[in-house]
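Below you'll find the structure, written out as structure tokens, and then a few comments.
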Amino acid sequence: MTWIETIIISIVEGLTEFLPVSSTGHMIITQNLLGIPQGDPFVHAFTFIIQFGAILSVVCLYWKRFFQFDNSPAPAGSNVFQKLKHRYYFYWLLIVGVVPAVVVGLAAKKSGLLDWLLDSVEVVAVMLVVGGIFMLYCDKLFNKGSDVNKVNESRAFRIGLYQCISVIPGVSRSMATIVGGMTQGLTRKKAAEFSFFLAVPTMAGATLLDLLDLLKEEASWATAHNITMLVLGCVVSFVVALLAMKWFVGFLTKYGFKAFGYYRIIVGGIIILLLLTGHSLAMVD
């Protein structure tokens with residue numbers, strides 16, 4: 001991967017990580033457009049590792065809420081675990097929410113399904129269209145949230161189940177978790193913010209797994225150039241995601257999902273049309 005390719009892919013990641021359009025799907029499309037060979041272990045790892053930069057933007061933007069503790073007294077008769085859960089309830093909710101994704105993600109990775117999906121631009125295109133059609137109607141179906149409703153253990157776990165769908169590139173982790181939150185009675189804003197928070201342990205875990213996989217491979221990938229590309233990718237995705245996330249919350253709260261639905265249908269439809277007519281996505285063959 002060249003410097004320009006790395007910057008372009010990282011900008012795409014930062015722009016799309018928290019938008020309901022599938023960041024992984026867009027990176028796969030971008031890699032195909034740039035003619036980057038698919039199936040390479042470093043390319044797969046790069047796709048996930050640079051997302052670490054984007055999730056750090058969540059911690060930066062919401063640092064006051066992300067480092068919150070409940071200093072009020074725990075209920076009388078609480079054991080040690082209950083006292084810890086009371087003080088660190090915010091983090092407990094993230095653990096509960098991420099458990100389903102850990103189970104499904106590890107199973108998909110171990111079976112080889114995840115690597116196959118990451119190489120399939122066809123899957124991305126179809127899921128962009130399917131998800132886009134769904135998003136045209138999801139505001140009417142689920143927009144009954146109330147500010148009274150808060151994220152609790154059961155809601156966090158159910159949102160985590162929705163997140164599992166995003167193992168399929170093109171679905172969008174952001175869309176799955178925000179819609180999951182809305183089905184649990186959360187407002188669009190609250191659902192979006194919990195989606196951001198849940199991204200931190202989810203993507204941090206995915207990044208760690210891919211780093212470990214890279215370390216198990218031959219050390220030939222660990223060139224000064226590749227390591228520099230990883231660092232550059234994380235920095236670029238961090239800066240771009242920080243700007244995109246602040247804009248997205250306001251836009252989603254005011255306008256909902258419909259605009260993103262039309263965008264997904266157009267992009268996915270164009271890719272399907274190109275593939276069906278025998279055209280390559282690569283700008284340079």
Distance-minimising heavy-atom pair for [X] and [Y]:
X	Y	value
Glu153	Tyr89	N-OH, 3.6 Å
Ala192	Leu252	CB-CD2, 3.9 Å
Lys190	Asn149	NZ-O, 3.0 Å
Ser237	Ala54	OG-N, 3.5 Å
Val129	Ile272	CG2-CD1, 4.0 Å
Ala204	Ile55	N-CD1, 3.5 Å

query: Can you check side-chain contact (heavy atoms from CB on, under 4.5 Å) on Leu128 and Ile29, steps first, answer last?
result: CA-CA 11 Å; Leu128 282 173; Ile29 292 169; 3.8 Å; yes
Once rounded to the nearest 0.5 Å, what's the spacing between atom [atom1] of [X] and atom [atom2] of [Y]?
X	Y	atom1	atom2	answer
Ser23	Ile9	OG	CD1	12.5 Å
Met1	Ile8	CE	CD1	9.5 Å
Thr183	Arg155	OG1	CZ	10.0 Å
Glu193	Leu61	CD	CG	9.0 Å
Arg188	Cys138	CZ	SG	8.5 Å
Leu34	Met27	CG	CE	12.5 Å

- prompt: For Leu84 and Val80, what are the C-alpha separation, side-chain angles and deciding distance, and is it a side-chain contact (heavy atoms from CB on, under 4.5 Å)?
  reply: CA-CA 6 Å; Leu84 287 172; Val80 175; 4.2 Å; yes
Side chain of [X], backbone of [Y]: donor and acceptor closer than 3.5 Å?
X	Y	answer
Lys83	Pro73	no
Glu5	Thr2	yes
Ser78	Ala74	no
Asp139	Gly256	no

Side chains of [X] and [Y]: does their closest heavy-atom pair fall under 4.5 Å?
X	Y	answer
Ile165	Met175	no
Thr223	Ile227	no
Phe90	Phe66	yes
Leu19	Trp247	yes
Phe69	His86	no
Pro169	Met127	no
Phe194	Ile178	no
Pro75	Gln82	no

Honestly curious: do [X] and [Y] fall in one hydrophobic cluster under the side-chain, below-4.5 Å linking rule?
X	Y	answer
Val167	Leu161	yes
Val126	Ile133	yes
Leu242	Trp63	yes
Met182	Leu141	yes
Val59	Tyr88	yes

- request: Using a cut-off of 6.0 Å, state whether more than 12 heavy atoms not belonging to Lys85 lie near its atom NZ.
  value: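 Yes.
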query: Is it true that atom OH of Tyr137 has more than 12 heavy atoms of other residues, nucleotides or ligands lying nearer than 6.0 Å?
result: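 Not more than 12 within 6.0 Å, no.
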Tabulate below the donor-acceptor pairs under 3.5 Å that side-chain atoms of residues 195-203 make, not counting sequence neighbours, or state none.
residue : atom : partner : partner atom : Å
Ser195  : OG   : Arg173  : NH2          : 3.4
Ser195  : OG   : Thr177  : OG1          : 2.6
Thr202  : OG1  : Gln163  : OE1          : 3.3
Thr202  : OG1  : Gln163  : NE2          : 3.2
Thr202  : OG1  : Leu198  : O            : 2.8

query: With distance as the sole criterion, is a donor-acceptor pair present between the side chains of Gln31 and Thr47 under 3.5 Å?
result: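 Side-chain D/A pair, Gln31 to Thr47: present.
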query: Going through the distances and angles, do Val240 and Glu13 end up as a side-chain contact (heavy atoms from CB on, under 4.5 Å)?
result: CA-CA 8 Å; Val240 177; Glu13 156 58 21; over 6 Å; no
task: Determine, using ring centers only, whether Phe238 and Phe52 are less than 6.0 Å apart.
output: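 Aromatic pair excluded; centres sit 6.0 Å or further apart.
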field: Parallel, tilted or perpendicular: ring planes of Trp3 versus His225, cut at 30 and 60 degrees
entry: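 Trp3 and His225: perpendicular rings.
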field: Candidate pair Ser172 and Arg264, rule side-chain contact (heavy atoms from CB on, under 4.5 Å), full reasoning
entry: CA-CA 11 Å; Ser172 170; Arg264 290 173 62 112; 3.7 Å; yes
- prompt: Just one of Phe248, Tyr255, Phe18, Phe134 clears the ring pair (Phe, Tyr, Trp, His ring centres under 6.0 Å) bar with Phe260, so which one?
  reply: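 Running ring pair (Phe, Tyr, Trp, His ring centres under 6.0 Å) over Phe248, Tyr255, Phe18, Phe134 with Phe260 returns exactly one hit, Phe248.
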